[in-house]
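A short worksheet on the structure shown next.
Counting convention: from 1, in listed order, for ligands and their atoms alike.
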Amino acid sequence: MSFKKVKMIHHLHVLFVCLLLFTGILLYFAGIPWISKMLMRNIHLGIAVGYIVLLLYSLLPVYQYKKKLGKSAGKQWHILFIYLFSLLWLLSGFILWINHPAILDYRIIALQLHDWISVVIIPWVLIHVYWKKRGVPFIGRHRIKGIEQALSERLLTRREWLVLATGTGLSMVIAASLKWFKPFLEPWETVRAVGMARKGYFRIYTVTSKNPSFDPKSWKLTLDGLVDSPQQFYYSDLTAMEWRTITRDFHCVTGWSVFNVTWSGIPFVSLINIAQPKQEGRFVKIYSADGVYTETYTIEQLANQDVLLAFQLDDQPLIQSQGAPCRLIHPKMYGYKSIKWVNRIEITSERGKGYWEALENYDLDGYI
Ligand SMILES: Nc1nc2c(c(=O)[nH]1)N[C@H]1C(S)=C(S)[C@@H](COP(=O)(O)O)O[C@H]1N2
Ligand SMILES: [Mo]
């Protein structure tokens, strides 16, 4: 085991952590316009796999290095701490990746953990870099004095311990404020819609790279398929219909929730009744203007008055990223059934799979 190798491992480690942080932050916030969240997620996962390979590869050399350190506890503790952190980070990420409702309880914890670790790592990396620039030695000292000599010394002085403890404390405080002030870091339109009163906030999800635009004059909603009376609704037709308002909690299967969300819109059943489904038309397929996302339901599932084609969230028109002008809201189903930018409703005789059901075996009904 050469010192050079440990240094290389260290630098690769830093590189992977920074790449994970960067792509993770882009996922946490709205993402970047020309890369869809799905692609970004896959890039993030790919880097994570690379990171796992690096960790496994580095196990033996780092273990040997650690043994050489002998009883200098500070450095050993430092290495263990980093491995524990990485392990929790990867484990929580892994649980999030197993996107199955059966483990929802674990995923709520995993999501919190994943967020917290990520957000603690940011100031931690900054402090680490600052220390190095100031010449507080970790690996740096070895380069200067030669590894044998450095190993024979106490590796962390009392002052360095103090800086480490303060830095960690500071990281936690900065991390807490970052999480606490997350709504302030959102785009203004989201802040306006979310406000500060509601509990929790939406993580805006879309599987495409661009949000469909909405022009009230030209926008149309098609209702067709196995119906006696196919329809084309303009926006003004729909705003003229009778609306209903409900307040419910919103749950995403990936482990986040927003509580006390108020939705207003047309009870879905009113639309169905206007179109008059034929006898064999027992299922509903809903399309999104993003051209990719679809969802399916049985007619009975949508027959409840609380199922809305929602146009407003907390008394404000839906913002573009949240489905303007309308999205489906089924209060008893998970967020993924709440298809955004609805522009076509088709009555069918057979039930197909929706976007996530086809891609990742999500439950077809999605009941909470
Ligand atoms: N068209 C479309 N609708 C969608 C999605 C999507 O990616 N595209 N994501 C779904 C998922 S998984 C959730 S949890 C909610 C999230 O709603 P929000 O983006 O308003 O937070 O939207 C749902 N509707
Ligand atoms: Mo979701």
Side-chain angles (χ1 to χ4, degrees), residues 27-31 33 35-42 96-101 103-104 107-108 110-111 182-183 186-187 189-195 198-214 221 248-265 285-297 307-314 316-345 353-368:
L27 277 175
Y28 188 60
F29 292 101
I35 297 184
S36 77
K37 264 202 162 175
M38 278 302 279
L39 179 59
M40 190 50 89
R41 187 194 77 147
N42 291 337
L96 290 174
W97 176 67
I98 315 172
N99 217 344
H100 196 278
I103 57 157
L104 184 67
R107 218 163 46 241
I108 292 169
L111 186 68
K182 162 85 166 46
E186 298 244 7
E189 53 168 12
T190 316
V191 177
R192 179 179 59 76
V194 171
R198 194 171 58 214
K199 277 194 140 188
Y201 42 83
F202 288 89
R203 299 183 183 216
I204 309 296
Y205 279 1
T206 169
V207 293
T208 52
S209 52
K210 262 178 79 182
N211 296 334
S213 59
F214 161 60
L221 170 68
R248 297 298 150 83
D249 299 341
F250 186 92
H251 304 284
C252 169
V253 273
T254 59
W256 53 269
S257 299
V258 191
F259 303 95
N260 289 317
V261 191
T262 300
W263 304 98
S264 304
K285 179 173 184 182
I286 304 187
Y287 297 76
S288 169
D290 65 16
V292 178
Y293 208 89
T294 57
E295 271 304 337
T296 66
Y297 317 80
V307 179
L308 302 181
L309 187 66
F311 289 80
Q312 289 190 349
L313 194 169
D314 288 343
Q316 298 285 334
L318 284 177
I319 59 175
Q320 192 191 8
S321 59
Q322 291 203 277
C326 62
R327 67 192 289 171
L328 187 94
I329 291 297
H330 193 306
K332 294 208 166 71
M333 291 182 181
Y334 278 117
Y336 68 91
K337 300 299 283 190
S338 174
I339 174 172
K340 304 191 284 188
W341 308 290
V342 171
N343 70 349
R344 182 180 169 206
I345 300 160
K353 288 182 172 182
Y355 182 85
W356 286 113
E357 293 85 341
L359 197 72
E360 282 185 3
N361 271 314
Y362 275 41
D363 182 55
L364 206 50
D365 296 329
Y367 282 113
I368 296 165

Original post:
Is Y336 touching ligand 1 with its side chain, its backbone, both, or neither, if touching means heavy atoms under 4.0 Å apart?
Top reply: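 The part of Y336 near ligand 1 is both the backbone and the side chain.
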Close N or O approach ([X], ligand 1; < 3.5 Å):
X    : value
V207 : yes
W356 : no
Q322 : yes
S321 : no
Y205 : yes

Subject >> Where ligand 1 meets D290 - atom numbers and elements under 4.0 angstrom, heavy-atom basis >> reply: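 Every atom of ligand 1 under 4.0 Å from some heavy atom of D290: 1 (N), 2 (C), 8 (N).
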Subject >> Side-chain donor-acceptor contact under 3.5 Å, T254 with Y205 >> reply: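 There is such a pair between these side chains.
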Identity and distance of the protein heavy atom lying nearest [atom]:
atom                    : value
atom 8 (N) of ligand 1  : Y293 CD1, 3.3 Å
atom 3 (N) of ligand 1  : K340 N, 3.0 Å
atom 24 (N) of ligand 1 : S338 O, 2.8 Å
atom 16 (C) of ligand 1 : R327 NH2, 3.9 Å
atom 21 (O) of ligand 1 : R203 O, 3.0 Å

**OP:** Indicate, with yes or no, if the rings of W356 and Y334 have centres closer together than 6.0 Å.
**Re:**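 No - the distance between ring centres of W356 and Y334 does not fall below the 6.0 Å cut-off.
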Original post:
Which atom names give the shortest non-hydrogen contact between H251 and S257, and what distance separates them?
Top reply: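 The answer is ND1-OG, 2.7 Å.
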Does a side-chain heavy-atom distance below 4.5 Å link [X] with [Y]?
X    : Y    : answer
Y287 : V342 : no
L359 : M38  : yes
Y362 : K353 : no

**OP:** May I ask whether W256 places a heavy atom under 4.0 Å from ligand 1?
**Re:**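 In this structure, W256 qualifies as a contact of ligand 1 - some heavy atom is under 4.0 Å.
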